[in-house]
Colleague: 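So that we are looking at the same thing, I have put the structure below in structure tokens.
A quick note: this is a predicted structure, and the numbers were derived from the prediction, not measured.
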Amino acid sequence: MTTVDPAGSSMDVEVPAQDPRRWWVLALLSGLSFMILLDMTVVNVALPRIQDGLRFSDSGLTWVVNAYVLAAGGLLILGGRLADVFGRRRLLLTGVVIFAVSSAVCGAATSPAMMVAGRFGQGVAEAIAAPASLGLIALLFTDPKERTKALGIWSGLVALGGTSGYVISGLLTDLTSWRWIFFINLPVAVVVLLIMPRLVRESRMVRAKNAGLDLPGAITLTVGLVAIVYGLLQAAEHPWRSAPVLIPLVAGVCLLAGMLVIERRAKDPLIPLGFFANRTRTVVNATSLFFMAAFISYTFMLTLFEQHVLGYTPLVSGLAWLPLSVAIGAGIGLGATLTPRLGVKVVTSAGFVGAGFGLLLTSMIDTDTSYPGGILPGMIVFGLFAGATMPAATTAALHGVTVQDSSLASGVQNTMQQVGGALGLAVLVTLALRYSGDEIQRGVDPQVAMTEGYALALRVGAALMVFGGLLVMVLFERVDPELRDPTAEIVGETGAGRSWPSSARPRGRNLAGA
């Protein structure tokens with residue numbers, strides 16, 4: 001067919017048939033993301049065994065978790081931009097290789113330093129692979145309804161990866177060895193490396209011949225984010241006004257301010273400042289902080305409550321998370337169905353508020369709480385509404401994004417989620433532990449004090465969720481689920497990328513298949 005570009009010249013474009021293999025690619029990408037995010041939480045239940053096996057100190061053990069969060073939170077935006085510039089398939093496969101090697105290092109670790117290095121490598125792998133994965137999905141599914149469904153499946157499996165880590169960790173730790181929570185990643189990585197190049201073509205943003213990567217912006221952004229995440233993590237062990245917390249936080253803020261100056265002047269900026277001009281994208285990324293702060297803190301504190309107060313074994317504690325995974329899966333299906341009918345704003349807002357209510361129900365726990373009556377109801381409500389939020393929120397994060405910046409948009413969203421998780425651990429968990437410590441000093445029974453501390457933090461998390469839902473309802477625009485210019489950057493096409501009106505949008509070759 002012939003269409004007309006905005007300059008008035010005609011051009012012949014090819015209308016592609018929908019390739020059925022795109023769903024196989026989605027399954028592969030979702031499985032890979034599931035595996036990578038699984039390893040963020042899979043160590044939690046196994047931490048006591050890892051500590052005994054490698055002789056970690058109490059303070060050093062926290063870095064088994066912190067090293068992963070630090071690397072992923074600091075490098076995600078850079079990883080997203082590198083995927084857009086150098087090729088999404090290339091960066092995805094690079095991330096898989098790094099993840100496989102790092103997992104092998106963790107599984108074979110003979111010292112604390114070896115384990116922490118491996119965990120840092122796993123975080124780097126997520127920062128490289130996750131934005132490239134979501135960017136490829138945005139390219140493969142050009143139909144808005146299909147994209148909403150695909151993004152819901154992808155984001156849901158990623159979330160299930162986070163919650164399933166507790167179950168898998170409990171099973172493997174009790175039945176085999178904690179080392180298998182890392183070794184199990186290796187066959188999945190091999191399958192991806194063998195199949196992915198056969199199913200997906202390379203794609204990257206269209207760039208001028210003399211364009212270069214904004215290295216000063218990349219360095220200041222990455223180091224600034226690493227400093228901020230590091231400062232937040234240090235707040236879990238030190239007072240907020242102490243040097244270990246304030247110095248990295250202040251340094252990180254200064255570096256990010258410097259990055260804004262660099263980006264304003266850069267010829268080819270790492271992050272075009274206009275990216276943040278879209279109100280909906282800005283709000284959904286900001287509220288991701290609240291969502292993940294509450295989510296990660298909820299899973300972390302409830303695991304401690306079950307094992308330290310209720311006396312659950314690692315296996316029982318892991319299995320106790322199964323209903324959350326089921327509820328999230330059901331919520332994802334519900335959200336993907338309702339979003340096209342009710343709109344992104346309504347579903348996202350309702351999901352935040354409903355998840356907050358689930359946390360409030362959970363905050364009713366006490367030392368005599370039973371699982372069916374005290375833990376399960378809040379878990380189901382929280383999982384159902386949190387799952388329903390995920391497809392809509394991911395669609396909002398891509399609102400108004402050209403495919404030129406699809407991986408960047410994913411990197412920004414994932415970065416906010418990682419920083420939100422770090423913030424939750426630094427603030428909410430610390431709030432719970434310090435409240436418990438104060439109560440114990442006043443003579444309160446330690447288990448009672450611990451339970452009251454967890455309950456207080458859960459109520460704060462519920463308030464953050466509700467506040468996020470109100471922000472979404474008030475500030476979201478009408479979200480168009482269709483990316484602009486969805487085929488402008490197929491490899492082999494030349495010329496600068498253009499933004500086409502919907503009536504004159506060119507259709508190029510599929511990315512799935514050769």
Colleague: Do Leu256 and Ile228 make a side-chain contact, defined as non-hydrogen atoms from C-beta onward lying under 4.5 Å apart?
Modeller: yes
Colleague: Enumerate donor-acceptor pairs with a distance under 3.5 Å from any side-chain N or O in residues 376-387 to protein atoms, sequence neighbours excluded.
Modeller:
none

Colleague: Which distance, rounded to the nearest 0.5 Å, do you find between the CD1 of Ile98 and the CD1 of Ile128?
Modeller: 3.5 Å
Colleague: Arg89 side chain to Pro197 main-chain N or O, any donor-acceptor pair under 3.5 Å?
Modeller: yes
Colleague: Could I get the full list of ring-ring contact (aromatic ring centres under 6.0 Å, His included) partners for Phe290, not counting sequence neighbours?
Modeller: Phe467
Colleague: Will you find, in the side chains of Trp321 and Thr299, an N or O donor that is under 3.5 Å from an N or O acceptor?
Modeller: no
Colleague: Output yes when a side-chain donor or acceptor of Ser317 lies under 3.5 Å from a complementary backbone atom of Tyr312, and no otherwise.
Modeller: no
Colleague: Is the closest side-chain heavy-atom distance between Val316 and Glu306 below 4.5 Å?
Modeller: no
Colleague: I want to check something: taking the side chain as every heavy atom from C-beta on, are Val347 and Thr389 in contact at a cut-off of under 4.5 Å?
Modeller: no
Colleague: Run the side-chain contact (heavy atoms from CB on, under 4.5 Å) test against Ala251 and tell me which residues pass, sequence neighbours left out.
Modeller: none
Colleague: Please list all pairs passing the side chain to side chain donor-acceptor pair (under 3.5 Å) test where one or both residues lie in residues 285-294, with sequence neighbours left out.
Modeller: none
Colleague: Residues in side-chain contact (heavy atoms from CB on, under 4.5 Å) with Ser111, at least two apart?
Modeller: Ala113, Met114
Colleague: Check whether the side chains of Glu126 and Tyr68 place a donor and an acceptor atom closer than 3.5 Å, and report yes or no.
Modeller: yes
Colleague: With a sphere of 6.0 Å drawn around CD1 of Ile184, does it hold more than 12 non-hydrogen atoms of other residues, nucleotides or ligands?
Modeller: no
Colleague: Return the OG1 to OH distance between Thr362 and Tyr454, rounded to the nearest 0.5 Å.
Modeller: 14.5 Å
Colleague: Output all residues satisfying side-chain contact (heavy atoms from CB on, under 4.5 Å) with Thr369, sequence neighbours left out; order by chain, then residue number.
Modeller: Phe305, Ile365, Asp366, Ile375
Colleague: Given side chains that start at C-beta, do those of Val429 and Leu433 come closer than 4.5 Å, heavy atoms only?
Modeller: yes
Colleague: Testing the basics here: between Ala392 and Thr339, what is the closest heavy-atom pair and its distance to 0.1 Å?
Modeller: CB-OG1, 3.7 Å
Colleague: So, do Phe56 and Val116 sit near enough that their side-chain heavy atoms are less than 4.5 Å apart?
Modeller: yes
Colleague: Measuring from Phe352:CZ to Thr348:OG1, what's the distance to the nearest 0.5 Å?
Modeller: 7.5 Å
Colleague: Identify the heavy atoms of Ala72 and Ala127 that sit nearest to each other, and give their distance.
Modeller: O-CB, 4.1 Å
Colleague: Working note: Gln51 + Trp178, criterion side chain to side chain contact (heavy atoms under 4.5 Å, CB included); need CA distance, chi angles, decisive distance, verdict.
Modeller: CA-CA 11 Å; Gln51 183 176 23; Trp178 61 263; over 6 Å; no
Colleague: Return the CZ to CG distance between Arg434 and Leu456, rounded to the nearest 0.5 Å.
Modeller: 13.5 Å
Colleague: For Ser103, enumerate each residue passing the side chain to side chain donor-acceptor pair (under 3.5 Å) test, keeping only those at least two apart in sequence or located in another chain.
Modeller: Gln122, Asn185
Colleague: I want to check something: taking the side chain as every heavy atom from C-beta on, are Met416 and Phe291 in contact at a cut-off of under 4.5 Å?
Modeller: no
Colleague: Can you name the residues that form a side chain to side chain donor-acceptor pair (under 3.5 Å) with Ser363, not counting sequence neighbours?
Modeller: none
Colleague: Which atoms form the tightest heavy-atom contact between Gly453 and Ser436, and what is the distance?
Modeller: CA-OG, 3.7 Å
Colleague: Is there a side-chain contact between Leu360 and Arg459 in this structure, where contact means two heavy atoms from C-beta onward sitting under 4.5 Å apart?
Modeller: yes
Colleague: Return the CG to CD distance between Asp368 and Gln447, rounded to the nearest 0.5 Å.
Modeller: 9.5 Å
Colleague: Please evaluate residues Tyr230 and Ile247 with respect to the criterion side chain to side chain contact (heavy atoms under 4.5 Å, CB included), reporting the C-alpha separation (whole Å), side-chain torsions for both, the decisive distance (0.1 Å), and the verdict.
Modeller: CA-CA 10 Å; Tyr230 178 80; Ile247 291 176; over 6 Å; no
Colleague: What is the distance from atom CG of Leu193 to atom CG of Leu92, rounded to the nearest 0.5 Å?
Modeller: 9.0 Å
Colleague: When you compare the side chain of Val190 with that of Leu186, does any pair of heavy atoms fall below 4.5 Å?
Modeller: no
Colleague: For Ser242, give me all partners under side-chain contact (heavy atoms from CB on, under 4.5 Å), at least two apart in sequence or on another chain.
Modeller: His238, Pro239, Pro244, Val245
Colleague: List the atom of Pro391, the atom of Gly335, and the distance in Å for their closest heavy-atom pair.
Modeller: CG-C, 4.4 Å
Colleague: Please report the shortest heavy-atom distance between Pro323 and Ala320, naming the atom on each side.
Modeller: CD-O, 3.3 Å
Colleague: For Phe183, which residues count as a ring-ring contact (aromatic ring centres under 6.0 Å, His included) partner, sequence neighbours excluded?
Modeller: Trp180
Colleague: What are the two closest heavy atoms between Gly217 and Met259, and how far apart are they?
Modeller: O-CG, 3.7 Å
